[in-house]
2 protein chains.
Amino acid sequence: MENDPVQAIATRLKIEREARGWSLAELAERSGVSKAMISKIERSEASPTATVLGRLSGAFGLPLSVLLALAERAQERVALQAEQPVWTDPETGYTRRAVSPANSPLEILDVSLPSGVRVPYPASAFAFQHQQIWVLAGRLDFQEGPVMHHLAEGDCLLLGPPADCVFFNPGKEPARYVVALTRR
Amino acid sequence: MENDPVQAIATRLKIEREARGWSLAELAERSGVSKAMISKIERSEASPTATVLGRLSGAFGLPLSVLLALAERAQERVALQAEQPVWTDPETGYTRRAVSPANSPLEILDVSLPSGVRVPYPASAFAFQHQQIWVLAGRLDFQEGPVMHHLAEGDCLLLGPPADCVFFNPGKEPARYVVALTRR
DNA sequence: TGCCATCGTCCACTATAGAAGACGATTATC
DNA sequence: GATAATCGTCTTCTATAGTGGACGATGGCA
């Protein structure tokens, strides 16, 4: 029953930070946690308190339980559907499911966007990662900086250099799409 | 983005402990965390470290992420299916879904037990709670102390005084059943 | 009534989480 | 090739997490 999550949190924290292209200083500013402490946590030289974990997950825009669920799957090779962490935005109904076992250099997300919902995504979250969007069902209007892409079922878009983006579902049915990303 | 989980952890920890009828001293012994510290955490006078949270969730037999997911839903009244914490035992495929929004005096669990799987449950986990088992699909052999109950689809069993129990699915199909429990 | 046993909280002390800033290493810019 | 950012780690210090044990309250039980 011995279950120290310090190591798992360490590797996951580093992954989340680097996936966004953030330095220690930048994550420190966004989260309000000192960069010295973040450095220690990432090297598993400290056991963060619940308060600090809450600040860090908040900076990533993730509920703490989802961040930990991702951390716990660190060494798994197979991710059963029932074990995949799901996060639903209670306001919009936007749902994001982490399909890939964690710690893989390639991550797959299964996203469902309700009809009429609009989700912005800041450029800073895209830095240092290559990603593609593939629509499984419904329609998706994707604004990439000044450019607007109209995607329908089966379409796949490769994202360019980092820009502020917006996901929007113009249809009447929920849009379901895959986000696949790899880090630089 | 301010998201201090200390209060939510406090109430959830107390619920999990009391649902099992454990005193501070008993949880302290099972988890290896001092009872003084557990008392502080339950009164949200301390922010537990990841290490301590790992020991506590381990004592409850829950992954840390599930414990936190339950804590996060503290003040919700509606629990969307996608938000309900699910835990799957990787060895047996046993799946448990927490249906009720947390902090309610009545809790509903949606359990799926694969064919041929056997799950023991110690008497200590039952103390101070009243519970019923209702089979939705498949068959379930439920051993309650020395007594064996054979349940089929639609059957509902009211549990007696605390005893060591075993869930077993003798059928070829997965068994799906509801566990409803309330605290004393 | 008196005596244990057990409950949760409080106290004194130690270990460590966490903040602020210094430091060497690396890379970009001219 | 010198200067200046910026990176992550290390150092110092303070706040607090965490432990062991004492304490008053409560509840059987003789």
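So that the names make sense, note that chain A is the first sequence line, chain B the second, and so on, each numbered from 1. Just so you know, these numbers come straight off a predicted model, no measurement behind them.
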Can you tell me the distance, in whole Å, between the [atom1] atom of [X] and the [atom2] atom of [N]?
{"X": "A/L24", "N": "C/dG24", "atom1": "CG", "atom2": "P", "result": "19 Å"}
{"X": "A/L27", "N": "D/dG8", "atom1": "CG", "atom2": "C1'", "result": "13 Å"}
{"X": "B/R43", "N": "C/dC11", "atom1": "CZ", "atom2": "C1'", "result": "12 Å"}
{"X": "A/E29", "N": "C/dA20", "atom1": "CD", "atom2": "C1'", "result": "15 Å"}
{"X": "A/L56", "N": "C/dA17", "atom1": "CG", "atom2": "P", "result": "14 Å"}
{"X": "A/E42", "N": "C/dA17", "atom1": "CD", "atom2": "P", "result": "16 Å"}
{"X": "A/K14", "N": "D/dC7", "atom1": "NZ", "atom2": "P", "result": "14 Å"}
{"X": "A/L13", "N": "C/dG18", "atom1": "CG", "atom2": "C1'", "result": "15 Å"}

**Message:** Restricting to non-hydrogen atoms, name the atom on B/H150 and the atom on B/D155 that form the minimum distance, rounded to 0.1 Å.
**Reply:** O-OD2, 4.2 Å

**Asked** A/R17 side chain N/O closer than 4.0 Å to the phosphate oxygens (OP1, OP2) of D/dG8?
**Response** yes

Is [Y] reachable from [X] through a run of I, L, V, M, F, W or Y residues, each pair having side-chain heavy atoms under 4.5 Å apart?
{"X": "A/V119", "Y": "A/L157", "result": "yes"}
{"X": "B/F168", "Y": "B/Y121", "result": "no"}
{"X": "A/Y177", "Y": "A/V117", "result": "yes"}

**Request:** Going by the side chain to side chain contact (heavy atoms under 4.5 Å, CB included) test, name the single residue among A/E42, A/K35, A/M37, A/R43 that passes it with A/S39.
**Result:**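 The side chain to side chain contact (heavy atoms under 4.5 Å, CB included) with A/S39 is passed solely by A/R43 among A/E42, A/K35, A/M37, A/R43.
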
**Prompt:** So does A/W87 have more than 12 non-hydrogen atoms from other groups sitting under 6.0 Å from CH2?
**Reply:** yes

**Message:** Using a 3.5 Å distance criterion without hydrogens, assess whether the side chain of B/N169 forms a donor-acceptor pair with backbone atoms of B/P114.
**Reply:** yes

**Item:** Donor-acceptor pair, side chain of A/S47 and main chain of B/A50, under 3.5 angstrom
**Value:**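 Checked: pair present.
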
**Request:** Assess whether side chain to side chain contact (heavy atoms under 4.5 Å, CB included) is satisfied between A/R97 and A/L109, documenting all intermediate values.
**Result:** CA-CA 6 Å; A/R97 173 187 293 270; A/L109 303 175; over 6 Å; no

**Prompt:** Taking protein heavy atoms under 4.0 Å as touching, what does nucleotides 14-20 of chain D look like 5' to 3' if B marks base contact, S marks sugar-phosphate-only contact and - marks none?
**Reply:** ---SBBB

**Message:** When the axes are fitted on five pairs at both termini, how much does the helix from C/dT1-D/dA30 to C/dC30-D/dG1 curve, in 10° steps?
**Reply:** 20°

